[in-house]
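The model shown is predicted, which means the values in this text are computed figures rather than measured ones. What you see below is based on every heavy atom in this structure, not just the backbone, and it leaves out hydrogens, waters and symmetry mates.
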Amino acid sequence: PLLHIGQRPANLIRDRHYRESVQTMRQFAEGALITVLHQRSSLGEMMHNPLFFQLADNRTMESFRRIRALGNEASHFVMDEEDSNHFAVRTENDAIQCLKYGHHIATWLMSLKDLRYSYPDFTAEGLIPEITENNKKRIFFDSYQQAVIETSSGKHLVLAPPGCGKTEILTERIRFAMEHGVEAKDILCLTFTNRAARGMQERIEERFSSSDVKKLYVGNLHRFCYKFLLDEGVLPESVTILDEEEARDLIEGLLIDCLPQNKKMLGGRCSLPLSVSNYIQTYAGNMFQREHDFPSETIDNNLNFEVYRKNKELLDSYGLLDFDRLSVEKLVEVGHLYMQYKQSRLLVDFNDLLLKTWLFLNKEESPTKRYSWIQVDEVQDLSPLQLDIIRLLWDEKKGTGVCVYFGDEQQAIFSFMGAKLETLQNLHNSLTIHRLYRNFRSPSYLLNLFNEYAVKNLGCEPDILPRADKQC
C-alpha cells in the first residue's frame, strides 16, 4: 500500500493537482509511521512516540514535521489579504517540496530494513512536463456541450448542474473564441467567487501558451468594477475599500453618535450584528439608487428585517426601533450619514463599486470599452443590479457579440448561498436556453436519491434534473 501511495503524488503533480498531491504525501508519511511503530493514531501523536525519537535522525524528524505542516495547510481554509478563503497549498513548488520530504522518509524507511540499501537520489526533473500542442490533455465533449462551446452570437442561458463539465466548457469557449478571431482583450469571463476565478485562470494558463491570454479578464464582478473604476478615473488610487467588518464598525459608530447624550453609554455595549449593518448598507444603497434614478428593477424593494424578542433590546440600544419595528426615520438618517462619511474620506464599500460602475456605464457620452464576448458563471447568485451592469458591458451593437450565462437550477431551488430561482426564471423568458443534463461526477444511486427528493418535496419537473453518467 505504501508503494502505491508513494507513486500517486508524483502523478498528481504531473496533472497539476498540487493540493491533492500534498495531502497524499501526508497519508504516505502517516502510513510509514504506522508501519514502523505498529501504532494506528494521528501523525502528530505518532511523532511524539519515544520509539520514533530513537529511530529517526534530525533530518527525518524535520521531514515529517514539514509534511505534516504542509498537509494541514492543504486541508484547511485560510484567509488572504484579498478577503478570500482558499487553501494555502496551491503551487507547484509546495507539492515538489513535500515530495522531496517524502523521498527522504522513504530512504529512512528502507534503511531501517536494510542499511546497505541504496535509495535513488531525488530529482524533480520531468515532473512538470512543458505544455506543447502535442501533449495538451485532450478532452472530448458530447453534442450538448459542443453546442454551448460553439455558441458565438446572441444572448444565452446554459442550465448546468454540478458535474456536467462546466469549467472545461467555459475554458474551451475561450479557445474557440480566440481561434475564431476574438481578441483576448474583448473577452470578459466573470465568476462569482475569487476561488472560482483562480481555478478558471489556472485552467486557461494550462490550456494556452499565447501571451495574449494575459489580457483576458477572469474574476468576480466586484473586482472587475474596482479595476474598471480606477482605469476610468472614477476612483482615485488612494481610495480605501471597506470590508464587511469595517463597514459594520463605521455604522456602529455613526449610530452611537446619533444617540441622545443620556443613552450613549447604552449603545455599543454589544457589537452591532453583521446582519444589521448589512441591512443598513443595503438600505443606504437603495436610497442612493432612488436619488440617482436607477431602474426600479435593479433596486431591492423586498428588504425586510425581522425584529424578535432576542434582538429587540440590542436594536433599541442603538436607537433603531420605532415601537416593534425598525425606525424608517433612523435608517434614512444613518444611511445619509454613512454615505456622507464615505465620500468625505475616500471610502467605498462593495455596494459602492457596483453603484458607481452602473452610473458611469449609463452615461450616454461614456466612451467606455464594451466587450463582444462575455461569459458569466453562477448567474443565479447575481443581483438584478449586477445583471444590468453586465448588460451595459456587452457590445450588443456589433451584432457579432455573444453573452452567455451559466446557471444551476439545483442551487437556486435549494437557495444555496442565497441563490435565487427568480433570477433564472427571469432570464429564462428572454434568452436562448441550453440544458446540460449529464452529470459526469456523481454515481447514479446518489443522483437518483437527489432527484426523487427534488420531485416529491420541492415540486421540480423531472425533465430539468441531471442524469448520471456513472451507472453505479
| Any salt bridge between K166 and E378, counting N to O under 4.0 Å? | yes
| query | Does K456 come within less than 4.0 Å of E452, counting only side-chain N to carboxylate O? | reply | yes
| said: Out of the candidates L157, L221, L382, V404, only one should pair with V376 under the side chain to side chain contact (heavy atoms under 4.5 Å, CB included) rule; please name it. | reply: L382
| message | Taking I169's backbone N and O only, do any of them form a donor-acceptor pair with Q145's side chain (distance below 3.5 Å, no angle check)? | response | no
| said: Counting the benzene-type ring for Trp, do F64 and Y101 have ring centres under 6.0 Å apart? | reply: no
| Within a strict 4.5 Å, meaning less than it, do heavy atoms of the V148 and F141 side chains meet? | no
| Going from CH2 on W358 to CG on N362, what distance comes out if it is rounded to the nearest 0.5 angstrom? | 3.5 Å
| said: Taking the side chain as everything from C-beta on, heavy atoms only, tell me whether L355 gets closer than 4.5 Å to F294. | reply: yes
| said: Whether the side chain of E168 engages the backbone of G165 through a donor-acceptor N/O pair (distance < 3.5 Å, no angle test) should be reported. | reply: no
| request: Nearest 0.5 Å please: distance from the CE atom of M178 over to the NE2 atom of H180. | output: 13.0 Å
| Distance from L354 atom CG to L229 atom CG, nearest 0.5 Å? | 9.5 Å
| task | Report the C-alpha distance between L431 and H156 in whole Å, list the side-chain angles of each, state the deciding distance to 0.1 Å, and finish with yes or no for side chain to side chain contact (heavy atoms under 4.5 Å, CB included). | result | CA-CA 5 Å; L431 306 181; H156 303 259; 5.6 Å; no
| said: Has T282 got a side-chain atom pairing as donor or acceptor with N278's backbone, closer than 3.5 angstrom? | reply: yes
| task | Would you give the length of the straight line joining atom SG of C164 to atom CG of L436, rounded to the nearest 0.5 angstrom? | result | 4.5 Å
| Derivation of the side chain to side chain contact (heavy atoms under 4.5 Å, CB included) call for R26 and N72 | CA-CA 9 Å; R26 190 186 190 282; N72 288 342; 3.5 Å; yes
| Derivation of the side chain to side chain contact (heavy atoms under 4.5 Å, CB included) call for K155 and S430 | CA-CA 8 Å; K155 295 187 289 186; S430 58; 5.9 Å; no
| side chain to side chain contact (heavy atoms under 4.5 Å, CB included) assessment of V379 paired with I390 | CA-CA 11 Å; V379 67; I390 293 168; over 6 Å; no
| said: When you measure from the side chain of Q23 to the backbone of G71, do you find a donor-acceptor pair of N or O atoms at a distance under 3.5 Å? | reply: no
| query | Step by step, would you call D349 with Y338 a side-chain hydrogen bond (donor to acceptor under 3.5 Å, both in side chains)? | reply | CA-CA 11 Å; D349 61 24; Y338 178 61; 2.7 Å; yes
| V239 vs L347 side-chain heavy atoms within contact, under 4.5 Å | no
| Would you say the side chain of D300 lies within less than 4.5 Å of the side chain of N286, judging by non-hydrogen atoms? | yes
| field | N/O donor-acceptor pair under 3.5 Å between Y217 side chain and F224 backbone | value | yes
| said: Counting C-beta onward and ignoring hydrogens, is there a side-chain heavy-atom pair between R173 and Q375 closer than 4.5 Å? | reply: yes
| query | Under 4.5 Å between any side-chain heavy atoms of V182 and I187, yes or no? | reply | yes
| field | Main-chain N/O of L43 paired with R68 side-chain donor or acceptor, under 3.5 Å | value | no
| said: Tell me whether the count of non-hydrogen atoms from other residues, nucleotides or ligands lying under 6.0 Å of CZ in R325 goes above 12. | reply: no
| message | If you define the side chain from C-beta out and look only at heavy atoms, does anything of F360 sit under 4.5 Å from E232? | response | yes
| request: Look only at the side chain of E179 and the backbone of F176, and say whether a donor-acceptor pair between them is shorter than 3.5 Å. | output: no
| said: Checking side-chain polar atoms at under 3.5 Å, does Q289 have a donor or acceptor matched by the opposite partner on T298? | reply: yes
| message | Nearest 0.5 Å, please: how far is CH2 in W373 from OG in S152? | response | 5.5 Å
| query | Would you say K342 and V348 make side-chain contact, with heavy atoms under 4.5 Å? | reply | no
| query | So, does Q380 use its side chain to make a donor-acceptor pair with the main chain of D408 at under 3.5 Å? | reply | yes
| field | Spacing of L331 atom CG and F305 atom CZ [to the nearest 0.5 Å] | value | 10.0 Å
